[in-house]
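Everything below concerns the one structure shown next.
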Amino acid sequence: MEVFPDILERIDAGLDPAADPGALPGHDALLADAERVIEAWLAARGEAPEGGTVEGFRLLALHRQGCRGTPSFNACRETCREIVFRRNTADLYSDDAAEALAQRRLMAMTVKHLALFVGGKLAEAGLGDFCCSSRPLRAAGGT
Amino acid sequence: MAGDLRKVAYYPGCALEGSGGPYDRSTKAVVKALGLEMTELDDWNCCGAMEVKNIDPQVQTYLSARNLAIAGDMGFKTVMAPCNGCYHNLKKAEHDLAHNPEAAGVNRRISAKAGHRAYEPGGVETIHALDWIKKAVGEEELARRAKGRLAGLKVANYYGCMYTRPRHIFPEKDKGPGSESTLKPHFMDDILAAAGATNVDFPLKTACCGGAHSLSDSDMSTKLVLNILTTAEACGAEVIATECPTCHTGLEMHQVRAEKVLGRRTSVRILYFTQLLGMALGLSARSVGVQENLSDPGDLLAEKGLG
């Protein structure tokens, strides 16, 4: 079962090589999708977004909140930061449609990865706990 | 980094004696070709991997610390671990012993029971194969030896998760120019660029491949890997370079599975960076273990005049 089917379908449709460039969501829409993914993670933990931004981005604030008490969620820290980087780069190339689209495509692939990873963690809480963010099974809140 | 970097202790870990055999073979071949020296640790043991760490992290700390103690007893100040998991665990043990008195106590207690010296933090530095080649040889020397043999090869460098995470166990990283970045690692990019390769702009360098769930949640792993493969292709890569046996096996295995289960075929090839570097140094594909990989990059290598 896909956890974020609408986001994944929209991105896949936009990334289809045969698709019109306009089919790919804009960079702010992609950023909003990424925020929605993390919001779903928070909601699954019974939390509401606390608001605020980190380095000017709500996504990074949401991710920081999502890590609290769950260090394994840090496994998508770089993914969130990459999304912000690509969003800024796409924005920077607002006068170069081809480069802006290239950056937006990379951003879309990264948002897709975030959706798959968080979707995986929502389906299986242990996803990500066994590698870089390993924590002891017998001790709650360990690192 | 401490001591004479041209001679280090070698901790292969379990994977390089099994599914990561081509990584072991190619690492040894590259080390020989570059005139470096590495001595395998005597009587080394498992680093604790993920399995022990998730049951009892302090036993994992002890297991890794024993390997560091052996390196010290053999007279080495530096131990090189090519596997991201081993590298991560040895670094984590170093950090835990320095910052967690309970872990240090457990290490001393088990070491005494086992009848060997307890490792004290600060005695041995753990480095990755990437760190070693970059620091001990450097890009200039690599470029001189490689003679641009990887020219025309477009590479996406995939570092996986454990080379840079969690950041606090890698105090030498993120120190500005010359140091590795945990956010956007580049040592593999630097090494392969020196050998002539063209590194593509790849946004999923450290993204999770679902490696630990390859068997317990195969579908999720396949989807994560497929996104890494398709993103690499969309970035123009012909090859994904890896530096971890778990990542490498996962990418190869799920590339096959994605085609079988999801009907999605990808053609990007997956090679260890040591295999690419070895061929850049003029070694044959066979001598760097390409034939032991799950996938066959023979046609691409022939097209590029490699191997």
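Keep in mind it's a predicted model, so treat the numbers as computed, not measured. Below, read A as the first sequence line, B as the second, and so on, with proteins coming before strands; counting in each chain starts at 1.
- Panel note: side chain B:Asn227, backbone A:Met109; a donor-acceptor pair is recorded below 3.5 Å.
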Quiz item: What do the steps show when you test A:Phe117 against B:Met220 for side chain to side chain contact (heavy atoms under 4.5 Å, CB included), and what is the final call?
Solution: CA-CA 8 Å; A:Phe117 176 76; B:Met220 182 48 60; over 6 Å; no
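- A:Glu78 and B:Arg165 are joined by a salt bridge, as a carboxylate oxygen and a charged side-chain nitrogen come within less than 4.0 angstrom of each other.
- Here the side chains of B:Pro166 and A:Asn74 are not in contact, with every heavy-atom distance at 4.5 Å or above.
- With a 4.5 Å cut-off on non-hydrogen atoms, A:Glu82 touches chain B through its side chain but not through its backbone.
- Remark: B:Arg264 CZ is loosely packed, at most 12 non-hydrogen atoms of other residues, nucleotides or ligands lying under 6.0 Å away.
- At least one donor-acceptor pair closer than 3.5 Å links the side chain of A:His113 to the backbone N or O of B:Cys208.
- Of residues 20-36 of chain A, no residue lies under 4.5 Å from chain B by any heavy-atom pair.
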Self-check item: Residues A:Gln103, B:Asp201; criterion side chain to side chain contact (heavy atoms under 4.5 Å, CB included); working and verdict
Solution: CA-CA 10 Å; A:Gln103 292 298 325; B:Asp201 185 9; 4.0 Å; yes
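- The NZ atom of B:Lys205 lies 13.5 Å from the OG1 atom of A:Thr79; values are rounded to the nearest 0.5 Å.
- Note: B:Leu204 leads B:Leu204, B:Thr206, B:Ile169, B:Thr164 in heavy-atom pairs under 4.5 Å with chain A.
- Enclosure of atom NZ in B:Lys154 is not indicated, since only 12 or fewer non-hydrogen atoms of other residues, nucleotides or ligands lie within 6.0 angstrom.
- Contact between B:Phe202 and A:Arg86 at its shortest, heavy atoms only, is C-NH2, 4.3 Å.
- Once rounded to the nearest 0.5 Å, the distance linking OG1 of B:Thr230 with CG of A:Asp12 reads 8.0 Å.
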